[in-house]
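Naming: A, B, ... by sequence-line order, numbering from 1 per chain.
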Amino acid sequence: SAPMVRMNTLVYATCFADAASSSELSLAYVKLIEQLAVFKGYSAAFCALKLAEEKFPSSTNSQIHLLKMQLLHERALHRGHLRIAQQICDEFGVLSSSVSGVDIELKTEASLRRARTLLAAKQFSQAAAVANSLFTTCYKYNMQVENASVLLLLAEIHRKSDNAVLGLPYALASQSFCKSFNLDLLEASATLTLAELWLALGSNHAKRALSLVYQSLPMILGHGGLELRARSQIVLAKCHLTDPEFSVSEDPCAVLDPLNQAAEDLQVLEYHEMAAEVYYLKAMTYNHLGKEYEREEAAARFKEHVTALENPRDEEDSLVY
Amino acid sequence: NLSLFPPVRPPKKTSPKKPPTKQQAAMAEEQMEEASSSAAASGTPFQLQFDKPIPFQIKLAEWNPEKDLLAMVTDDSKVLLHRFNWQRLWTISPGKCITSICWSPDGKIVALGTEDGFVLLHDVENGKMLRSIKSHDVAIICLNWAEDEPLSRTDKEDLLSYEDRTTRFFPPAPVMPRIGGLNSGDTGLADENEEAIQAFSSASCQRFNILCTGDKDGCICFSIFGIFPIGKININKVPIHVQSSGKRTSYRLQDVSISKQVSLSRNLHQLVLLCSGKLINTDNLSLSNDLSVGVHCLHLDTSIFSNRKNELHQVSQQASSIQDLVEVVRASISMMSKQWSNAMNLFHEKFSALPSLLTAHGMESSSEDEFMSLLFGTHTSPALHQFLVSSLGEAGLKRIAKTIESAGRELRIVVSEHLQPAVEIISFRLAELRGLARWRSRFQNIGLDEKLMDGVTERVGMLVVQVERFSRVAATVLYLFQNFLSWVLKCVKILLSEPTDQVPSTNSELVVIFLKFLLDKDPIKQLLETDQIFEWDIDTAKHVEHLVVFGGFTDTKFLERSLAKQFSELEESLKEAFLMPFTTVSSQIHCQGLLPLYPVTSSDALSSTSTPASIAFYKDKDSQHNASSYSSTDYICFKIPDGSLNLRNFVAVIKDFCNSCSTSNTPSLSGFLLHIPVEYECVDLSLYKDNQVVLLLSGKSSSENAGRSWMVMLQTENLSFSQFSRTFPANYYNLQELEALELQLDTDYGKVRSVPHPLSTPLAVSASRGVACI
């Protein structure tokens, strides 16, 4: 329960601020900033991060530093600054000790991030290779949560490489993993990926995909971050649009409402790729409805995001916060 | 239905025909088995199973839908529960006048409506009261508890199903704290009830059901599971639109009083009710006349319940358990404050002797100064010496220490076992609800508002912080008290020149802190009282402001509030948030149609509520193949009071009223009148399974048949329904158009049995058991 994470961290930060050790307190702050990044966007998170760094100047090498790199990486990925993302990945790799079997968590995180960067760079086979080796490591060290998320990543890689059939078993495996370990949010996102995969298999699966989305929505909306929420809204709209029995003109709200909500969330997140998708879908819908002014507007926004994605002009901006 | 009964039956009890005892009317109760199978039809149609003399007049009776249990309400408002073999399970007397009764669909709860507008829910197992909910201001005339038909579930709904995750992540919810020790007098009830409430909360959320309650003033309330209010509609204010010859006319009913019958169809789609009142044309007020006062049949569209039942189910499931937990928190806070103030009273009572002693000795100093000088060893004033040695004494000091210690222990237990887990589960459940509220397309139209839910989540977060702070403050204060008291004890021993090796060592710094901050103030009490402002040091205030950047609570002043104040704020916002679904759903219940039945003169309008009537919904036979969306037909059966419509001794049966309201092109409304033989009068009637009507006829006292009665079951399909028009408003009451049939007691379109006693209300039939009780 994400709101409870926040609440309990706040309880700690409020009530035990005078008694807690600085590393524990900094962990509480890290958790709060993570929440901010996921739910309120990067600008708020970086603002808070600055304050936290002032507060804990000594612990540069610890959690706060790690958090900074994580946030920078996420933001670079979202903005499409892949070179920066790669650079941060490399830094991650350096952080961990070179002895095998030590700092496993850091290493897995580094390679998970590498796989994601590769995926964003559309180097699917390399990404899959990294993810596969990561899965073996996680399996070896019994890291169940990572197992599930790596499986999900593999499914994602296959989906993005238009290999939906290959992705299905991974998504299903991830889902069942999550179920057995009570990882509700991850399970919901696995279900969402599953829905996306079904949707990729053709319009006759739209109904099934829709029901999967419905299943995962309460969980995602309640506890998922901005990105996951926006993704689920997009999938929801897509399900309706692909469904041959659904007619936009009859129920435009069913498509436009989720799209608007997704656009709002993505604006905060500066996620160009998905925002472009949202505006594309919006423009298409308005086109069907014959609303030309709105269509042009959505198309213009689409173009904005695509250019931002393709010409990452101010890359060094990504390292500044 | 013979097979329903145990194969070996106990020998039939014959009631000895003893004359009525000192009670006014010894009512002979007879149980009838309704022989509906053809095998039994060769013998007597209704077999007498058991009878039993009862020394009360029975006012209401109702069969349990699941088990062979009969609940009865006596004239002096006792509730009896009997098994089929007349074994009595329990008797309760709620102390209020009970005006209606009904069972929950799963047969585990019996709901009672009282004269002052309360709905009482009682456990079937032991008759304990589970809830008492005040939803009306006046007497509740009728109750109807309908459950969602499992058949109407479709695949789509299964996929929209939703799991309550709370049980996976949390231990069972905490219950109300009970007061241990000596002062447990006033909460004996809560103490007994807690297990039952626990079971009730978990069991009641299995399947979606709605309890509707109708009161004397024409209000109908709906509550999910009988506990979560979801809608209220006032018939007096509902506009009724009637299409007549292409013209739309609006009517309104005035001075409505709901009669005994309200019935919600099993797919929760429509509600039919009978009410008496004055019909006025809102477009043309002059048109109303005396005739417009009468009994009307109303059809309300409650399709919101069936269309949105998944959403409502989810929301009410969470919301009702949140409300339970809020009660737990309230009880915890009030108990803690009681415990603590008891302990503090004792402390202050003892220590208040010191200032007066000081003034008696003509000293200017305060008690704090005196203790300080004692601590630093400067001198011991005679007043303090006298106070410590004689008025307080070692025994008194020990008593105070013990009381405070036990109060502190209680406080700790309450916080750790009740308050804290309750608040935590509330916050978890609220977070789930907030997630649902974000799904606007599904939950906005039942009024779950995201903004309000956000506000409530913030408030509960602050409450969590407050609870944590409270437990810290309490721990500190208790330690300081302990330290101070043992120091005083040590001083007393020194003054009496006794050995002090038994006394635990004390920290004199903490004694100073105690004297400075606690001798006159009481931070625990401050936190437990709503109107107190709690002072909090500047560092923390700054810290809290600082946390806002990190996503903390934007209301930085919240630490100034006391715990109790914070809790009442949470309650406020919860109320507001749950009022939204209530008003939203209420506004979506509309009146679909109206059928005036018969006029009543205003003098006997009051008695019309007691006219026998029955409404039931039957599944359409031809729609069986499509299990997901079957339709149902409503049957309304009522006795026309003598003299109304110039008819005497008539019973009317009408069917298909709902369908005729919703689809105006197919006038399917039909019915018939039944003329009861003149020497009998209809005492009570009821609709029974498979479209039958059961009538109780009693011989009129003037005729030679006095003392003989009949019980008649008619198969309505064998009787000819004739259609009748709903032309409006040319002639309000169209019932005379119906074909009138003579009821002959020897014909075989039904089953007839004579009973050798005079009969009176009530008649209770049980469709699932095939039994009737008269």
Bottom line for Gln261(A): the part with an atom under 4.5 Å from chain B's heavy atoms is side chain
One option among Asp257(A), Leu32(A), Leu217(A), Ile33(A) has the most heavy-atom pairs under 4.5 Å with chain B, and it is Leu217(A)
When rounded to the nearest 0.5 Å, the distance separating CG of Leu10(A) from CD of Glu468(B) is 12.5 Å
Chain B shares the most heavy-atom pairs under 4.5 Å, among Pro258(A), Ala45(A), Gly222(A), with Gly222(A)
In short, Gly435(B) meets Leu221(A) closest at the heavy-atom pair O-CB, 3.5 Å
Turns out that what part of Ala52(A) lies under 4.5 Å from chain B's heavy atoms comes down to both
Whatever's closer than 4.5 Å to a heavy atom in chain B on Leu51(A) counts as both
The interface call for Val460(B) against chain A, heavy-atom contacts under 4.5 Å, is both
CZ of Arg438(B) to CD1 of Ile220(A), rounded to nearest 0.5 Å, is 12.5 Å
When rounded to the nearest 0.5 Å, the distance separating CD of Glu432(B) from CE of Met4(A) is 10.5 Å
Distance col, row Tyr29(A):OH vs Leu547(B):CG, nearest 0.5 angstrom, shows 4.5 Å
dist Arg229(A):CZ -> Trp439(B):CH2 (nearest 0.5 Å) comes out at 14.5 Å
Between Val464(B) and Met7(A), the two heavy atoms sitting closest are CG2-SD, 3.8 Å
When every non-hydrogen atom of Ala431(B) is compared with those of His223(A), the smallest separation belongs to CB-CE1, 4.2 Å
Bottom line for Glu424(B): the part with an atom under 4.5 Å from chain A's heavy atoms is both
Pair count under 4.5 Å, heavy atoms only, with chain B: among Gln35(A), Arg6(A), Lys40(A), highest is Arg6(A)
- Message: Would you say CE of Met284(A) has more than 12 non-hydrogen atoms from neighbouring residues, nucleotides or ligands within 6.0 angstrom?
- Response: no
When the 4.5 angstrom heavy-atom criterion is applied to Asn182(A) and chain B, the contacting part is both
